Amino acid sequence: MNKKTDNSGDSFRKVSSYYDGTYYRHAVADAPAPSLHTRRLAKRFVRPGMNVLDVACGLGEFLVAANQCGARVFGIDISQTAIDICKQRMPAGEFHTGVAEELPFPDNTMDLVFCLGSLEHFLEQKQALEEMLRVARPEAIFIILVPNADFLTRKLGLFKGTDQVNVKEDVKTLEKWQELFDSAGLQVTECWKDLHVLSYDWIYMHGWKKAPLRLLQAMCLVIWPLRWQYQIYFMCKRKAG
């Protein structure tokens, strides 16, 4: 198991404090059911009896959907608040408070490893990916969702990043993400757009006055090429040899 370097301890504690004290400050155990987008993602990849790990699982939305598909679910998050809620939502699952750079799971145990919208916030991205490989079985599939530095709205200066940008947010181009995956021992097998914005909840998130603009953004993502997308799914497998 990889270990965090001693001089990174304060940084990890800073990130943990942010997620517990700010990001999940108002989180509750009776979180909404998984979205249609999340359920579809789970149904595409999850089969009954699989061991499914979500790294930086948050409140467990994806793992709830995976559990509904018959999987055994495992999760880790830097936020104790988030993990406490996961344990309440899925008592049969295995959940740990900790960092992706030091996963508390045995070697060769996971059939599917997910990391959805979180890798850009990790302090040691390559180390985290190597840990995911360590706990995965040789034939495991990895599904990683990351933001794109070439997102057209970002390049036009209309988007500055998420609320976590002041804590840690390292956004790369698609080419740089692929280079990172390759350096960690992962081979990209497929990429596709993240179109979770095509939902009533997302479009009306900030009220009806802003809904037309958000609808326009959602429709743009449908027609824009992959290189202009906000977030991209990468499906990976272990590199041969």
Side-chain angles (χ1 to χ4, degrees), residues 11 14-15 18-19 22-25 35-38 40-41 54-59 61-62 77-79 82 99-101 114-129 132 142-184 186 188-236:
S11 296
K14 176 184 176 183
V15 174
Y18 166 78
Y19 282 98
T22 302
Y23 194 80
Y24 291 118
R25 181 175 56 186
S35 66
L36 177 61
H37 176 83
T38 301
R40 285 175 173 169
L41 183 65
D54 190 356
V55 180
C57 60
L59 303 181
E61 180 187 8
F62 177 77
D77 199 277
I78 200 168
S79 167
V99 298
E101 293 85 349
F114 288 77
C115 184
L116 305 175
S118 299
L119 183 60
E120 66 272 19
H121 304 304
F122 295 169
L123 298 183
E124 301 291 343
Q125 295 172 345
K126 183 172 182 287
Q127 183 175 331
L129 291 169
M132 295 180 209
F142 303 79
I143 307 297
I144 304 171
L145 176 65
V146 288
N148 174 22
D150 287 331
F151 175 40
L152 185 58
T153 306
R154 179 191 294 272
K155 291 180 77 69
L156 294 174
L158 302 175
F159 178 70
K160 302 298 183 181
T162 70
D163 292 341
Q164 298 107 294
V165 68
N166 292 327
V167 180
K168 174 68 167 66
E169 188 167 79
D170 177 20
V171 180
K172 305 179 190 297
T173 65
L174 302 188
E175 292 77 15
K176 290 297 183 181
W177 282 122
Q178 293 199 57
E179 288 177 11
L180 174 64
F181 299 147
D182 182 75
S183 71
L186 289 168
V188 176
T189 59
E190 186 179 345
C191 301
W192 66 92
K193 304 174 183 180
D194 170 31
L195 296 179
H196 78 278
V197 297
L198 292 178
S199 69
Y200 178 92
D201 290 342
W202 189 87
I203 292 168
Y204 285 90
M205 182 183 297
H206 299 300
W208 65 269
K209 290 184 178 180
K210 294 186 177 180
L213 182 60
R214 291 174 71 82
L215 175 61
L216 176 61
Q217 181 178 340
M219 298 309 298
C220 285
L221 291 177
V222 173
I223 62 175
W224 283 352
L226 196 69
R227 68 180 181 276
W228 288 355
Q229 292 296 311
Y230 171 41
Q231 294 189 123
I232 306 294
Y233 282 99
F234 286 88
M235 181 166 68
C236 306

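All of these numbers come straight from a predicted model, not from anything done at the bench. These values consider heavy atoms only, across backbone and side chains, with no hydrogens, waters or symmetry-generated copies.
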Side chain to side chain donor-acceptor pair (under 3.5 Å) involving [X] - partner list, sequence neighbours excluded:
X	value
Q217	none
K193	none
S35	T38, E61
Y18	none

Could you tell me which residues satisfy salt bridge (Lys or Arg N to Asp or Glu O under 4.0 Å) with [X], sequence neighbours excluded, listed by chain and number?
X	answer
K126	E130
D194	none
E175	none
K14	none

Can you list the residues that meet the ring pair (Phe, Tyr, Trp, His ring centres under 6.0 Å) rule with [X], with sequence neighbours excluded?
X	answer
F122	none
F142	none
F151	F159, Y230

If you round to the nearest 0.5 Å, how far is [atom2] of [Y] from [atom1] of [X]?
X	Y	atom1	atom2	result
Q178	T173	CD	OG1	9.0 Å
L36	L41	CG	CG	11.5 Å
D170	Q125	CG	CD	4.5 Å
S118	D54	OG	CG	7.5 Å
F181	L119	CZ	CG	6.0 Å
W177	N148	CH2	CG	10.0 Å

With side chains defined as the heavy atoms from C-beta onward, is the minimum distance between [X] and [Y] less than 4.5 Å?
X	Y	answer
V15	V99	no
Q231	H196	yes
C191	L174	no

Next on the checklist: If you apply the rule side-chain contact (heavy atoms from CB on, under 4.5 Å), what do you find for H121 with I78, and how did you get there?
Outcome noted: CA-CA 11 Å; H121 304 304; I78 200 168; over 6 Å; no
Is [X] reaching over with its side chain to a backbone N or O of [Y], donor-acceptor style, under 3.5 angstrom?
X	Y	result
W192	Y233	no
T189	M235	yes
E101	L123	yes
D77	G58	yes
E120	V146	no

Checklist entry - If you draw a 6.0 Å radius around NZ in K176, do more than 12 non-hydrogen atoms from other residues or ligands fall strictly inside? => result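 Not more than 12 within 6.0 Å, no.
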Next on the checklist: Counting only heavy atoms not in K210 (residues, nucleotides, ligands), do more than 12 fall under 6.0 Å from its NZ?
Outcome noted: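 Open: at most 12 neighbouring heavy atoms sit under 6.0 Å from NZ of K210.
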Checklist entry - Considering residues at least two apart in sequence or located in another chain, which fulfil the side-chain contact (heavy atoms from CB on, under 4.5 Å) criterion with P225? => result R227, W228
Item to check | Over all atoms of both residues, closest heavy-atom pair of L116 and L145 | outcome: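 Closest heavy-atom pair between L116 and L145: CA-CB, 3.8 Å.
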Item to check | Evaluation steps, side-chain contact (heavy atoms from CB on, under 4.5 Å), between C115 and M132 | outcome: CA-CA 9 Å; C115 184; M132 295 180 209; 3.9 Å; yes
Checklist entry - Relative to each other, are the rings of Y19 and Y23 parallel, tilted or perpendicular (30° and 60° limits)? => result perpendicular
Checklist entry - How far apart are the C-alpha atoms of L195 and Q229, what are their side-chain angles, what is the distance that settles it, and do they pass the side-chain contact (heavy atoms from CB on, under 4.5 Å) test? => result CA-CA 9 Å; L195 296 179; Q229 292 296 311; 4.2 Å; yes
